Amino acid sequence: MFEKYKVYEYEYAGRPFVVEVGKLAGLANGSCLVRYGETVLLCCATASAAPREGIDFLPLSVDYDEKMYAVGKIPGGFLKREGRPSEKAILTSRVIDRPIRPLFPKDLRNDVALTLTVMSVDPDCSPEITAMIGASIALSISDIPWNGPIGGAFMGLVDGQIVVNPTAEQRKVSTLELTVAASEKKVVMIEAGAREVDDETMYNAIMKAHEVIKDLLAFINKIIAEVGKPKFAYPSCELDHDMFDEIFAYCEKDVMAALDTDDKTVRDARMQPITEDILAHFSEKYENLPTVLPELIYKIQKKIVRRWLLVDKKRVDGRRMDEIRPLAAETGLLPRAHGSGLFTRGQTQVLTVATLGPVSDAQMLEGLDDETEKRYMHHYNMPGYSTGEAKALRSPGRREIGHGALAERSLIPVLPSVEEFPYAIRCVSEVVSSNGSTSQASVCGSTLALMDAGVPIKAPVAGISCGLITAEDGSFDTMIDIQGLEDFYGDMDFKVAGTHKGITAIQMDLKIDGLTPEIIHRALTTTHAARDYIIDEVILKAIPAPRAELSKYAPKMITIMIDPDKIGKVIGPGGKTIQKIVSDTGAKVDINDDGSVFISAVNTESAEQAKAIIDAIVFEPVVGETYTGVVTRIIPIGAFVEFAPGKEGMVHISKLAATRTEKVEDVVTLGDQVRVKYLGTDEKGRMNLSMKDAQ
């Protein structure tokens with residue numbers, strides 16, 4: 001039945017990697033079932049028969065589709081089926097999209113869809129890397145025009161040693177989470193989170209990943225040679241060269257004058273009459289000009305900007321290639337917020353606001369790994385007004401989710417542990433003005449906000465972006481702190497965040513077919529010097545250290561440990577005891593299975609009151625220990641003494657004093673404060689105390 005069914009096997013980082021072709025999804029342009037250990041994904045690539053009209057970009061979609069059955073779970077919620085993609089699925093889709101997109105023909109406008117369905121997950125074999133490799137194979141063996149293949153590797157750093165595709169246990173102790181995608185000759189994508197890893201170690205890990213990927217690509221090329229389809233022909237959607245050359249010659253000097261400013265608003269205003277003039281002058285000669293005008297203007301500006309950078313070493317705003325735009329930082333802008341920081345770099349401005357909450361405010365997660373909650377949350381918003389556009393607010397898209405996750409990843413390594421700082425933390429970065437690298441401005445703004453909130457971070461983190469311009473002869477130059485035009489028309493956006501000590505996050509976007517080792521090394525060196533400057537000259541001058549005290553509006557937190565066996569007593573039957581504590585004190589109480597108790601309240605008094613009640617509930621007196629108590633009742637045979645909140649015992653008349661006592665009232669009266677020794681409990685569980693033995 002499956003005449004074209006073939007199986008290909010490879011050992012990848014010591015584990016079996018198996019590719020099955022010709023059995024499933026036969027109607028897709030290209031498909032394969034990929035097994036890595038017990039991780040299994042179905043990877044399918046499809047393309048439309050005709051190009052989409054009226055667009056000037058490749059309509060590519062990459063969907064990493066998580067199925068809960070892959071880990072033996074039934075989805076939560078009312079519907080009990082998978083809903084919108086998780087944040088992690090969206091981020092994985094982006095990581096796969098970035099290395100694949102630049103390798104499509106620039107003039108292809110057919111819809112291309114990659115669907116990567118996660119069907120089984122082995123914790124030791126990354127489904128994300130498996131999906132990237134599967135996507136490359138599905139595209140490569142399909143008839144869709146694509147200049148692959150690529151391969152992917154996940155690198156860890158365990159006990160100072162670089163590890164390829166670390167297991168689940170190794171990932172728990174790894175100080176590096178590095179994803180690399182590469183072709184045979186160049187690195188095409190880098191994404192990293194790290195605990196202050198130095199530049200040299202990061203570079204070595206990237207290079208080792210590339211060597212591993214080269215061997216993997218030899219395996220993939222064998223599959224392509226045997227089952228790959230001829231690529232289909234497609235109508236080129238490239239601009240008419242004669243039209244472009246004529247219009248470029250007509251407007252070149254005017255566009256050069258329009259672009260020569262450091263103000264995005266001025267530039268846009270100058271370009272408007274030029275665009276209108278081109279339309280009026282050439283519409284009769286070129287009937288399709290109104291349709292292709294946006295792409296035409298884009299390519300005219302691109303040609304001029306790239307020529308300036310390559311030949312004249314001139315940047316649009318007049319800066320040197322190694323010069324950062326004017327910087328500014330301030331904190332404490334919002335009086336009621338727990339912490340706030342405004343970071344400005346040229347015309348890019350980000351206001352980040354930090355909010356502290358009880359640990360129970362951590363975000364609950366449901367996914368294919370064992371991560372169930374997230375204590376630190378970072379959200380990024382970029383409204384239309386930040387770029388001068390008139391558009392309504394909308395829910396966060398993939399870009400917003402990706403930028404928020406990058407800033408989050410950048411700051412996690414310097415956050416205090418929950419034991420050191422028992423709070424859930426949320427940062428929201430509001431992009432109020434955008435002209436290049438808002439994600440890295442968010443990192444800087446978030447450092448300011450966290451320090452303003454009094455979060456005792458281990459070190460300030462700064463982020464910066466390095467751009468690239470390449471020539472046909474292979475020569476290149478890098479530029480620090482790219483603004484919008486340099487991002488649009490350049491070849492790379494290499495974002496690096498970190499402390500003085502080392503890197504905490506990397507994200508690299510490319511528009512070309514890859515980077516050489518020399519470019520990668522220069523980008524790491526250049527960004528390190530830039531972030532050191534930002535930390536010393538901007539962040540630490542705005543706020544030298546985290547504030548010693550939290551905002552008066554931040555919740556007050558107390559953390560205590562109790563015997564896990566006593567958790568039931570604190571909660572009480574049906575939760576009655578803990579509900580009464582909350583009702584009486586106004587504090588919020590969260591208890592973990594290990595006996596850690598987190599008490600939060602709007603003021604210290606309420607938190608201390610709740611703590612005292614819990615201490616009393618779990619208090620267990622020690623036989624032979626002496627305590628101070630208050631006489632609460634007197635009966636003929638003795639006196640009752642409350643020696644701890646809620647703990648009351650009786651001092652028998654014979655234990656009141658060293659001499660014989662005829663009447664209890666001869667020794668004590670109600671309300672007296674006395675010292676008692678705890679003697680233990682009798683056969684009925686009553687607590688016995690002694691005053692004479694406590695002397």
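As the structure is a computational prediction, the values presented were derived from the model and not from experiment. Atom set for the values below is all heavy atoms of this structure, side chains included, hydrogens, waters and symmetry mates excluded.
- To the nearest 0.5 angstrom, Tyr12 atom OH is 6.5 Å from Ile129 atom CD1.
- A donor-acceptor contact shorter than 3.5 Å links the side chain of Ser136 to the backbone of Ile150.
- The nearest pair of heavy atoms linking Cys251 to Ile278 is SG-CD1, 3.8 Å.
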Practice prompt. Tell me, with the steps shown, if Arg94 and Asp63 meet salt bridge (charged side-chain N to carboxylate O under 4.0 Å, His left out).
Written response: CA-CA 9 Å; Arg94 282 171 55 85; Asp63 292 299; over 6 Å; no
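- Salt bridge annotation for Arg267-Asp262: absent, with no cationic side-chain nitrogen under 4.0 angstrom from a carboxylate oxygen.
- One finds a salt bridge joining Lys214 and Glu211 here, because a Lys/Arg side-chain nitrogen approaches an Asp/Glu carboxylate oxygen to under 4.0 Å.
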task: Evaluate ring pair (Phe, Tyr, Trp, His ring centres under 6.0 Å) for Tyr298 paired with Phe488, printing each intermediate quantity in order.
output: CA-CA 9 Å; Tyr298 170 87; Phe488 300 151; 7.6 Å; no
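- One finds a salt bridge joining Lys264 and Asp268 here, because a Lys/Arg side-chain nitrogen approaches an Asp/Glu carboxylate oxygen to under 4.0 Å.
- Distance CD1/Ile137 to OG/Ser31: 11.5 Å, rounded to 0.5 Å.
- Tyr8 and Phe17 have their aromatic ring centers separated by at least 6.0 angstrom.
- A pairwise comparison of heavy atoms in Arg531 and Ile503 identifies NH2-N, 3.7 Å as the closest pair.
- The pair Asp509-Arg399 does not meet the salt-bridge criterion, since no charged nitrogen lies less than 4.0 angstrom from a carboxylate oxygen.
- Taking CD1 from Ile96 and CD from Glu128, the interatomic distance works out to 8.0 Å, rounded to the nearest 0.5 Å.
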Q | side-chain contact (heavy atoms from CB on, under 4.5 Å) between Asn110 and Arg52, worked out | A | CA-CA 6 Å; Asn110 298 57; Arg52 192 194 298 185; over 6 Å; no
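- Comment: Asp491 does not engage Lys511 in a salt bridge, judged by the lack of any side-chain N to carboxylate O separation of less than 4.0 angstrom.
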task: Let me see the working for Ser142 and Asn29 under side-chain hydrogen bond (donor to acceptor under 3.5 Å, both in side chains), right down to the final yes or no.
output: CA-CA 5 Å; Ser142 77; Asn29 294 65; over 6 Å; no
Worked check of side-chain hydrogen bond (donor to acceptor under 3.5 Å, both in side chains) between Thr352 and Glu430: CA-CA 6 Å; Thr352 298; Glu430 306 285 1; over 6 Å; no
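- One finds no salt bridge joining Glu20 and Lys6 here, because no Lys/Arg side-chain nitrogen approaches an Asp/Glu carboxylate oxygen to under 4.0 Å.
- No donor-acceptor distance shorter than 3.5 angstrom exists from the side chain of Arg522 to the backbone of Asp477, with no hydrogens or angles considered.
- The heavy-atom pair separating Phe494 from Thr527 by the smallest distance is O-CG2, 4.2 Å.
- The minimum heavy-atom distance between Gly402 and Leu91, with the atom names listed, is CA-CD2, 3.6 Å.
- A salt bridge links Arg394 to Glu400: at least one charged side-chain nitrogen sits closer than 4.0 Å to a carboxylate oxygen.
- Checking side-chain atoms of Thr526 against main-chain N and O of Ala523 turns up no donor-acceptor pair under 3.5 Å.
- At least one cation-pi condition fails for Lys299 and Phe244: the charged atom is not both under 6.0 angstrom from the six-membered ring centre and inside a 45 degree cone around its axis.
- Residues Val443 and Ser410 share a closest heavy-atom pair of CG2-OG, 3.8 Å.
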Practice item. Determine, step by step, whether Glu284 and His281 satisfy the side-chain hydrogen bond (donor to acceptor under 3.5 Å, both in side chains) criterion, reporting the C-alpha distance in whole Å, the side-chain angles of both residues, the deciding distance to 0.1 Å, and the verdict. Key: CA-CA 8 Å; Glu284 290 187 12; His281 194 82; over 6 Å; no
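- A salt bridge between Asp481 and Arg345 is present, with a side-chain N of the basic residue lying under 4.0 Å from a carboxylate O of the acidic one.
- Between Lys495 and Asp493 there is a salt bridge, since a side-chain N of the basic residue sits under 4.0 Å from a carboxylate O of the acidic one.
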Given side-chain contact (heavy atoms from CB on, under 4.5 Å), test Leu60 with Asp97 step by step and report yes or no.
CA-CA 8 Å; Leu60 168 68; Asp97 181 298; 4.0 Å; yes
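- A salt bridge between Arg109 and Glu295 is present, with a side-chain N of the basic residue lying under 4.0 Å from a carboxylate O of the acidic one.
- Remark: Lys23 qualifies as a cation-pi partner of Tyr5 under the 6.0 Å distance and 45° angle criteria applied to the six-membered ring.
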Exercise for review: Could you please spell out the steps behind the side-chain contact (heavy atoms from CB on, under 4.5 Å) verdict for Val118 and Asp65?
Suggested key: CA-CA 6 Å; Val118 186; Asp65 189 16; over 6 Å; no
- Item | Full working for side-chain hydrogen bond (donor to acceptor under 3.5 Å, both in side chains) between Gln349 and Thr344 | CA-CA 4 Å; Gln349 272 190 314; Thr344 303; 3.2 Å; yes
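- Nearest heavy-atom pair across Ser140 and Pro149 is OG-CB, 3.4 Å.
- The line from CG of Leu296 to CG of Asp56 is 11.0 Å long, rounded to the nearest 0.5 Å.
- Taking CZ from Phe343 and CG from Leu351, the interatomic distance works out to 13.0 Å, rounded to the nearest 0.5 Å.
- Taking the six-membered ring where tryptophan is involved, the planes of Tyr10 and Phe219 are essentially parallel, since the angle between them stays under 30° and well short of 60°.
- Salt bridge Glu252/Arg307: present, at least one basic N to carboxylate O contact under 4.0 Å.
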Next item on the list: Could you check Asp317 against Arg325 for side-chain contact (heavy atoms from CB on, under 4.5 Å), going step by step and ending with a plain yes or no?
Entry: CA-CA 9 Å; Asp317 53 10; Arg325 286 173 290 176; 3.9 Å; yes
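- With salt bridges taken as basic N to acidic carboxylate O contacts below 4.0 Å, one links Glu191 and Arg98.
- In this structure a side-chain-to-backbone donor-acceptor pair under 3.5 Å is missing from Asn288 to Thr291.
- Between Glu323 and Arg315 there is no salt bridge, since no side-chain nitrogen of the basic residue lies less than 4.0 Å from a carboxylate oxygen of the acidic one.
- In this structure, the separation between CD1 on Ile297 and CD1 on Ile300 is 4.5 Å, given to the nearest 0.5 Å.
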